[in-house]
Amino acid sequence: MTKNSAEQIGLNQAQLEAVKAPLGPVLILAGAGSGKTRALTMRIVYLIKKLGLKPHSILAVTFTNKAAGEMKTRIIGLIGKSELPTMGTFHSIGVRILRQECALVGLDRDFLIYDSDDQESLLKDILLRLRIDPTKFKPSLFAHLIDRAKNNLEEPDDLPTQTTFDLNVKKVYEMYQTELRKNNAVDFGDLLVLPVRIFQEHDDVLLKYQNLWQYVLVDEYQDTNHVQYIFTKMLVANHQNIFVVGDDAQAIYGFRGANLQNILDFEKDYPETKIIRLEQNYRSTQPILSIAQKVIELSPRQHKKTLWTENEKGMIPMFYSAPDELAEAYFVASKIIEIQDGKSNELQYEIEDTDDTILGRIMRHPPATPASWLAWRAGARSKILPKLKNRQRLNNIAILYRTHAQSRVLEEVMIEASIPYQIVGGLKFYERKEIKDILSYLRLLINPNDLVSLKRVINVPPRGIGPKSFDLLKEALIEQDEKELAKLMDLKPSVKHFFETVNLIQNLDESADLLDILRQVLKLTGYEAFLRDGSEEGETRWENIQELFNVAGSFRKMNWKEGLTKFLEEVALMTSVDEMDLHSPKVTLMTLHQAKGLEFETVFLVGLEEGILPHARSMMDPKDIAEEVRLTYVGITRAKQQLFLVCAQTRKQFGSRNISIPSRFLKAIPEELLQIHEDF
DNA sequence: ACTCGGTTATTTTTT
DNA sequence: ATAACCGAGT
Ligand SMILES: Nc1ncnc2c1ncn2[C@@H]1O[C@H](COP(=O)(O)OP(=O)(O)OP(=O)(O)O)[C@@H](O)[C@H]1O
């Protein structure tokens, strides 16, 4: 096969060694852009074509669903097979197992998946019931602690009981689990924990999956957490056919329990391991790699890795220190325009003396104080930023930042400069209010007693059912008190009507498809009329709902109940990167975390300031700082050809302007590796 | 139960 | 600066 498929997609000697390794444990530990993912993909092809493994006996775990999708496409291109290996994120594989084995953990087959909003809504209720003040101890804090426990495979009983707070956390965790089960729902953590529990308690089930998946591959192994580690370990315990790739310098998910030790101790877990190191980088130019190297040296205890490239020459990465965050955004926009349209006339913001517009007059008389001068300059400049003309291949450009909040100014300036863009994450499509409302209605069709969904929409549109009535209703439902329920419905006919509507849609004919159901929900619940009140905002929201029809369309063929479960599942597991549009010509704005595994011709890394990168909340612990260093390393190594590092000297935060100090990470870069862009 | 005005927290990073 | 939240008045 190497003569055919491996040469269609080139592999170097070291990669080939990994691809053609005998069965048994293999670890590729190598730096950014060295072709780890490519090697993993080709390994799958080799297993199928050369070793004759059945595709379905292979399990490949990727970091996002999108990555799985791309890998599938590539494999189809090479082996042209209709049958493919099982591929997906740990979470999506978890659901698959759980749908199959749900009875073993007391779940119905059509269990719902709660997202963080649902989680917090449930937790808030529990906190109120325990008389814990949710303003002092936020639900999100408990969500985080419970999530952390799950990632470490800890049950409530495994948690500490030292302080009152410890005891509270334990109690909340216990009640939370009870409530989830009562609602026939699971959270993200459960998707990982429950399969492991099933494996631990049912040898026969474990054996079934061990036999099903004869070969297991994991990409981005450095960011696996404890449950994921145990899950993988149990699966391959018999055959030890495990192939993992990763880079300890790119471990950036410590905050959600990822444990770097998993990859570092791999050889201890599997003594027979064949370790492969890849040293040639195929992505970036040498000037970019040199900078990346200098930065990663700030993180102690990284594996030393050689990384070289044949692309000796290339643009020297550019550094610009902007007076403020607006100027930072203008710099990015003007560079994008320069890349796309070529260098335009210099000094565009020189206004002629004869210009007697208001702007012209202001421009000739800058304010006296430095602070307002900055504002003046930024304001003036905004009026003269040229508009982008050539939109081709804009998807080769990315703007990367530490926090979503930074995207705001950048977005405004992109709009001003007519630069098409997409923001990944932030406000995810499926997190928009109107979308979540409709999804809640849809979830009620599967489980009309799902209290979290019920609470969300029972009064949207307004039906005169406030918190008081809802509490009564909730009690009646929990206690299954038919009498109380009937009484309530008599008192509030709108409650009765609500459930009748849900029931009516639920009992729609088998022949109805998901789109019919969606239409009926919008009509019969009055949501459509409520939304389309003639306001412009209402229409925008309505358009979003139309978009929901598009997604739901792909589940039209099945009977609607099955399609609905699948649809809700896909939506719940969708990551923000999955929503990204890779092909249309738009500049991509996203966080450094989301950029993992991706690559772009041109990368702008913005906000290189103390407090942002490294983030203020990561500055206490050296371990956290090291993770920030790796985050920076990930950002830099996304760039193939051009890299811009940008910081601002002042930045508006919470409405007031603060002085920003250039990031300590910049100091690690020798001046000769950068070209400094002087201010205009 | 709703609506308005004042108060408050918000900015890590994600499945 | 802005959105989410809370309490008082309707
Ligand atoms: N042998 C090769 N010859 C030419 N190009 C290659 C080779 N191997 C990989 N590449 C290219 O190099 C780039 C990086 O590859 P890949 O994404 O597999 O690296 P990676 O090690 O997984 O990177 P990261 O650690 O950043 O996720 C891709 O554009 C890929 O197509």
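Numbered from 1 within each chain, the chains take letters A, B, ... in sequence-line order.
- A close approach under 4.0 Å does occur between a side-chain nitrogen or oxygen of A/Asn459 and OP1 or OP2 of B/dC2.
- Using P as the reference atom, C/dA4 and B/dT11 are 10 Å apart when rounded to the nearest Å.
- Across all strands shown, A/Asp115 has no heavy atoms under 4.0 Å from either base or sugar-phosphate atoms.
- A salt bridge does not link A/Glu325 to A/Lys652: none of the charged nitrogens lies less than 4.0 Å from a carboxylate oxygen.
- Within 4.0 Å (heavy atoms only), A/Arg408 reaches sugar-phosphate atoms of the nucleic acid but no base atom.
- In this structure, A/Arg630 fails the cation-pi test against A/Tyr633, since its NZ or CZ atom is not both closer than 6.0 Å to the six-membered ring centre and inside 45 degrees of the ring normal.
- Atom NZ in A/Lys150 sits roughly 17 Å away from atom P in B/dT15 (whole-Å rounding).
- With B/dT15, B/dA1, B/dT14 as the choices, the nucleotide that has an atom nearest any side-chain atom of A/Lys468 turns out to be B/dA1.
- Between A/Thr575 and the phosphate of B/dT15, there is a side-chain N or O to OP1/OP2 separation shorter than 4.0 Å.
- Remark: P of C/dA1 and CD of A/Glu412 are 13 Å apart, rounded to the nearest angstrom.
- When each of B/dT13, B/dA1, B/dT11 is scored by its nearest atom to the side-chain atoms of A/Thr591, the top-ranked nucleotide is B/dT13.
- Figure legend: A/Arg463 and A/Phe498 shown without cation-pi pairing, the cationic atom not lying both under 6.0 angstrom from the six-membered ring centre and within 45 degrees of its axis.
- With salt bridges taken as basic N to acidic carboxylate O contacts below 4.0 Å, none links A/Arg408 and A/Glu411.
- Per the stacking criterion (ring centres < 5.5 Å, plane angle < 30°), A/Phe255 stacks onto the base of B/dT13.
- Among the nucleotides C/dA1, B/dT15, B/dT13, the one closest to the side chain of A/Phe188 is B/dT15.
- With B/dT10, C/dA1, B/dT11 as the candidates, the nucleotide lying closest to the side chain of A/His615 is B/dT11.
- There is no side-chain donor-acceptor pair under 3.5 Å between A/Ser140 and A/Glu120.
- Nearest heavy atoms, A/Val424 versus A/Met580: CG2-CG, 3.7 Å.
- Between B/dA1, B/dT14, B/dT11, one nucleotide has an atom nearer to the side chain of A/Ala405 than all others, and that is B/dT11.
- Between the P atom of B/dT15 and the CZ atom of A/Arg148 lies a distance of 20 Å, rounded to the nearest Å.
- Across B/dT14, B/dT13, B/dT15, the shortest atom-to-atom separation from the side chain of A/Arg402 is found for B/dT13.
- Of the side-chain N and O atoms in A/Ser656, none sit less than 4.0 angstrom from OP1 or OP2 of C/dA1.
- Note on A/Tyr253: only backbone sugar-phosphate atoms sit closer than 4.0 angstrom, heavy atoms only; bases stay farther off.
- Within the nucleic acid shown, A/Thr64 has no heavy atom closer than 4.0 Å to any nucleic acid atom.
- Heavy-atom nearest nucleotides on DNA chain B were determined for A/His91 and for A/Asp624, and the one closer to the 5' end corresponds to A/Asp624.
- In the set B/dC2, B/dT10, B/dT15, B/dT15 carries the atom at the smallest distance from any side-chain atom of A/Ser116.
- Here B/dC2 presents its P atom at 11 Å from CZ of A/Phe530, a figure rounded to the nearest Å.
- Between A/Gln594 and B/dT14 there is a side-chain N or O to OP1 or OP2 distance below 4.0 Å.
- Annotation: A/Phe255 is not in aromatic contact with A/His144 [ring centroid separation under 6.0 Å not met].
- The interatomic distance linking A/Tyr633 (OH) with B/dT13 (C1') rounds to 20 Å, in whole Å.
- Taking atom CD of residue A/Glu627 and atom P of nucleotide B/dT14, one finds them 12 Å apart after rounding to whole Å.
- Counting only heavy atoms from C-beta on, A/Thr403 has its side chain closest to B/dT13 among B/dT13, B/dA1, B/dC2.
- In this entry the distance linking CZ of A/Arg630 with P of B/dT13 reads 18 Å, nearest Å.
- B/dT14 atom P lies 19 Å from atom CG of A/Leu191, rounded to whole Å.
- Nearest nucleotide to the A/Ser576 side chain, out of B/dT15, B/dT13, B/dC2: B/dT15.
- Using a 4.0 Å heavy-atom distance criterion, A/Lys596 is classed as making no nucleic acid contact.
- For A/Phe654 and A/Asn151, each mapped to the nucleotide of DNA chain B holding its nearest heavy atom, the one lying further toward the 5' end belongs to A/Phe654.
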